[in-house]
Structures are given as C-alpha cells and as structure tokens.
Amino acid sequence: MNDNRRGAELHIIQIGDVLVSPDIFTEEFCCDLDKCKGACCVEGDAGAPVTLDEIGSIEESLDAVWEDLTASAQSIIDKQGVAYSDADGDLVTSIVGGKDCVFTCHQDLTDRNDGHTIHNCCLCALECACNAGKTQWAKPISCALYPIREKQFNGGLVGINYHRWDICKDAVKKGRELHLPLYVFLKEPLIRRFGQDWYDELLGIAEELKKQGML
C-alpha cells in the first residue's frame with residue numbers, strides 16, 4: 001500500500017485536546033544536518049513562533065548566549081528585543097536580514113551516531129548553552145517540534161500537522177531510508193509539549209492503526 005493511499009484512509013485523530021493530522025503517523029522524517037546544515041534556522045521570512053512565557057525564558061538566557069550571537073543579531077535585539085509580532089500578529093523570535101533567527105550560531109558539530117564532524121552547521125545558541133550546562137532552558141517548543149506545526153483553536157483545542165518545506169527534502173529521504181515515522185523522530189519534543197501520558201496514547205493509536213493495516 002503506498003503512502004498516499006494510507007494517508008487518504010486516515011482522518012484527523014483527537015487525543016485529549018489535540019487534533020492530530022494523519023501525516024504525523026504516515027510521514028517519515030529524520031533531520032540530515034550533513035545535507036541541510038540547519039537551514040530551517042536561517043530560511044523563511046519570519047522568526048520562530050514563541051509564547052510570552054518563552055520570551056521570558058529567552059530573556060533570562062540572554063547573558064549566557066550573548067557572546068555567541070553575531071553583531072547584527074545583538075543590534076537587532078538591542079533595538080526591538082528578542083521577539084516581535086509578525087504580519088499575522090503572532091509573536092516570533094527576532095530575525096536578521098529578513099530571515100535569520102537572531103539566535104543562530106555556526107559551529108562544527110560531532111554526529112551522535114558515528115562521531116564524524118559536520119562542518120559549519122547552523123545551530124541554536126540557546127540550545128547550545130543549555131547543552132553546555134549554562135542555562136536550564138533549551139529553545140522554543142515550536143523549534144523543537146519542527147516540522148510539526150501547532151495551531152490553536154477555540155475551546156482549548158490544539159491542532160498539529162506536518163509542514164512540508166523543500167529545504168527538508170533530504171530529511172524526508174533519510175527518514176524513508178530509516179523507516180522512521182515523524183511521531184517517533186519527534187518523541188522527546190512531543191512529550192515535552194503534551195506529556196508522557198499523551199504520547200503513550202498516541203503510540204497506542206499508532207499500534208492499532210498498524211494492526212488494521214493503515215500504517
């Protein structure tokens with residue numbers, strides 16, 4: 001059964017207050033930093049979505065990451081702060097030159113699987129500081145969840161869906177090679193956002209869908 005047919009047979013599934021798109025179950029994905037070099041941090045026309053609480057956490061982490069930011073990023077933050085309202089009225093991280101998140105930094109990265117070096121990779125200064133033990137907070141949940149995007153609905157409902165972006169084509173290829181479903185690849189961010197019990201329920205639904213031949 002091909003992927004298109006499987007996705008067509010599935011409908012939106014509600015888990016608690018979360019409406020889950022079928023793509024979360026059917027799509028396969030695994031970031032390939034060797035190929036993309038972290039392009040999602042520096043492409044696009046707006047920053048990463050953030051909440052007011054996250055803006056507070058970013059501001060508390062600012063001293064720890066300040067020297068890792070470019071002079072242009074520092075200047076933008078001095079002028080408008082760590083976030084702004086985009087064209088849709090949503091709060092997003094500040095950006096440099098109309099696209100680069102102010103918290104991007106470029107470093108060589110050691111691959112966790114085989115130890116080889118990925119040169120000049122675009123990383124998140126906030127996450128690097130957290131990993132180094134300098135702060136207790138990593139990065140906005142919207143960044144951690146990507147390519148899953150979240151939408152708020154009336155009545156406290158939240159929708160999550162898969163965002164397709166051409167710069168992630170190598171991640172799609174790698175995910176398919178590894179047979180790694182999106183909901184498995186993003187296990188930790190999904191637990192961080194919705195909790196372990198919610199994620200366990202999602203896994204149970206996925207197993208049932210497999211038994212029914214829908215995955």
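Everything quoted here is computed from the prediction, not taken from an experiment. We're numbering straight along the sequence, starting at 1.
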Pair listing, salt bridge (Lys or Arg N to Asp or Glu O under 4.0 Å) test, anchored in residues 146-159, at least two apart:
E150-R193
Residues two or more places apart in sequence or in another chain: which of them pass side-chain hydrogen bond (donor to acceptor under 3.5 Å, both in side chains) with E188?
none
Taking only residues two or more places apart in sequence, or in another chain, which ones meet E54 in a salt bridge (Lys or Arg N to Asp or Glu O under 4.0 Å)?
none
So, taking the atom named CZ in F194 and the one named CD1 in I160, what distance separates them when rounded to the nearest 0.5 Å?
5.0 Å
Are V158 and V50 connected in a single hydrophobic cluster, I mean Ile/Leu/Val/Met/Phe/Trp/Tyr linked by side-chain heavy atoms less than 4.5 Å apart?
no
Non-hydrogen side-chain atoms of C121 and D108 separated by less than 4.5 Å
no
Can Q74 and D78 be said to form a side chain to side chain donor-acceptor pair (under 3.5 Å), step by step?
CA-CA 6 Å; Q74 293 173 349; D78 282 337; over 6 Å; no
Report the residues that fulfil side-chain hydrogen bond (donor to acceptor under 3.5 Å, both in side chains) with D34, sequence neighbours left out, ordered by chain and then residue number.
H116
For L109, which fellow cluster members are found when Ile, Leu, Val, Met, Phe, Trp and Tyr are connected by side-chain heavy-atom distances below 4.5 angstrom, either directly or through intermediates?
L33, I118, L123
Geometric class of the F29/Y162 ring pair [parallel <30°, tilted 30-60°, perpendicular >60°]:
perpendicular
Test of understanding: with side-chain contact (heavy atoms from CB on, under 4.5 Å), list the residues that count as partners of L178, not counting sequence neighbours.
C30, K174, L180
If you measure from CD1 on I58 to CH2 on W137, what distance do you get to the nearest 0.5 Å?
4.0 Å
Taking the side chain as C-beta and beyond, is there a heavy-atom pair between C41 and D100 under 4.5 Å?
no
If you measure from CD1 on I205 to CG on L209, what distance do you get to the nearest 0.5 Å?
7.5 Å
Can you measure from OH (Y84) to CD1 (I95) and round to the nearest 0.5 angstrom?
3.5 Å
Count the heavy atoms belonging to other residues, nucleotides or ligands that lie under 6.0 Å from CD of Q196, then report whether that count exceeds 12.
yes
